[in-house]
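Notes follow the structure.
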Amino acid sequence: MGAFMKICSWNINSIRLREAQVLRLLKQHCPDVICLQECKSPVEKIPIQGFRDLGYEHMVASGQKGYNGVAIFSKLPIIDEFSIDFADLKHARHIAGHLENGFIIHNFYVPAGGDEPNIDTNLKFAQKLAFLDAMKKWFDSNEQKRAILVGDLNIAPHEDDVWDHKKLSKIVSHTPIEIEKLSEVMRAGNWIDVFRKATPNGKLYSWWSYRAKNWHLADKGRRLDHIWVSSDLSGLKFENSIFREARGWDRPSDHAPIFTVFDEI
DNA sequence: ATGGTAGGTCTCCTA
């Protein structure tokens with residue numbers, strides 16, 4: 001048995017409203033590191049005591065009032081941090097932490113992009129593509145080693161990442177231009193999508209709309225949440241899971257938490 | 001073709 005590291009990513013849709021759910025998840029699954037998106041809170045108003053009490057003594061975060069916001073809570077020491085304002089949107093959408101064990105973790109919340117997949121009529125879609133271009137550019141000039149990238153990337157790139165590939169191809173999150181831009185980001189950083197490495201085909205979802213009644217039975221989901229690793233880590237053994245059960249909790253986030261356990265780090 | 005739900009800066013914006 002070698003050392004291992006368990007990492008979780010979860011779009012929590014307000015950390016102040018759902019603090020108890022995050023703590024419940026941590027007690028149940030004991031990841032070493034949890035990366036949260038859509039905290040919707042300034043950093044100084046993120047509740048931290050409950051996390052500390054469970055052994056998550058290290059936090060790095062980028063926040064703003066009301067919208068966006070990303071945070072990393074860790075049992076493992078975080079010795080450095082930085083945040084990048086991709087595409088100069090002045091949004092809190094990225095935080096990175098260097099762990100003492102040599103790993104770097106990037107936590108992203110990519111813009112959702114609005115409803116209309118048209119850069120001329122929808123500023124939010126233009127900003128989403130600009131954000132992806134900026135990510136690509138940054139990874140072009142910053143080679144990643146012992147790196148993990150997680151987050152709500154708001155793109156479901158694979159046919160089996162959506163409930164209906166044909167219908168969703170005109171819907172923001174699964175359009176060809178977004179999928180192409182995301183693949184450029186992946187190529188720039190030599191990233192490996194661990195969920196699709198383990199499961200090349202077969203439906204995988206991490207998000208179900210609040211608007212869909214009986215989300216569980218209809219199961220019209222999308223895989224918007226991702227865990228990637230840099231190519232130097234491709235030899236690591238790992239296991240992934242999507243904790244769909246949390247989507248069925250009372251007053252849930254619309255996203256399920258996703259996990260990867262790395263063995264022999 | 002439309003509307004459906006949820007959270008926060010709360011009758012309007014974002015997802």
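All chains are named by letter (A, B, ...) in the order of the sequence lines, taking the proteins before the strands, and each is independently numbered beginning at 1.
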* Any salt bridge (Lys or Arg N to Asp or Glu O under 4.0 Å) pairs touching residues 84-112 of chain A, not counting sequence neighbours? -> A:D85-A:K90
* If you find the nucleotide of DNA chain B closest to A:P111 and the one closest to A:A212, which residue's nucleotide is nearer the 5' end? -> A:A212
* Asked: Aromatic rings A:F139 and A:W191: how do their planes relate, parallel, tilted or perpendicular, breaks at 30° and 60°?
  -> perpendicular
* Is the closest side-chain donor-acceptor distance between A:S173 and A:R222 under 3.5 Å? -> yes
* In terms of side-chain heavy atoms, does A:N13 have a donor or acceptor partner in A:K40 at a distance below 3.5 Å? -> yes
* **Distance in angstrom units between A:Y210 OH and B:dG8 P, rounded** => 10 Å
* **Length of the CH2-P vector between A:W208 and B:dT5, whole Å** => 20 Å
* **Nucleotide B:dG8, atom C1' - distance to CD1 of A:I15 in whole Å** => 15 Å
* Using the C1' atom on both, measure B:dA15 against B:dG3 and round to a whole Å. => 16 Å
* Pairs involving residues 235-259 of chain A, ordered by first then second residue, that meet salt bridge (Lys or Arg N to Asp or Glu O under 4.0 Å) (sequence neighbours left out) -> A:D219-A:R244
* **Integer angstrom distance from the P of B:dA6 to that of B:dT2** => 23 Å
* Check whether any side-chain N or O of A:S14 sits under 4.0 Å from OP1 or OP2 of B:dG8, and answer yes or no. => yes
* Could you state the CD-P distance from A:E38 to B:dG8, rounded to the nearest angstrom? -> 10 Å
* **Geometric cation-pi criterion A:K6 and A:F262, 6.0 Å radius, 45° cone** => no
* What's the CD-P distance between A:Q37 and B:dG7, to the nearest Å? -> 17 Å
* Asked: When we call it a touch if two heavy atoms are under 4.0 Å apart, what does A:R18 touch: a base, just sugar-phosphate, or nothing?
  -> sugar-phosphate
* Asked: Could you give the CG-to-P distance, from A:D225 to B:dA15, as a whole number of Å?
  -> 15 Å
* Separation of A:E116 atom CD from B:dA1 atom C1', in whole Å? -> 14 Å
Between N or O atoms, less than 3.5 Å apart, protein on one side and nucleotides 10-14 of chain B on the other: list the pairs.
from: B:dT14; atom 1: OP1; to: A:K124; atom 2: NZ; distance (Å): 3.1
from: B:dT14; atom 1: OP2; to: A:K124; atom 2: NZ; distance (Å): 3.2

* Asked: Atom CG of A:L123 and atom P of B:dA15: how far apart are they, to the nearest Å?
  -> 11 Å
* Pairwise C1' distance for B:dC10 and B:dT5, with rounding to whole Å -> 15 Å
* To do: Report the relative orientation of the aromatic rings in A:H106 and A:F82; use parallel for angles under 30°, tilted for 30 to 60°, perpendicular for over 60°.
  => perpendicular
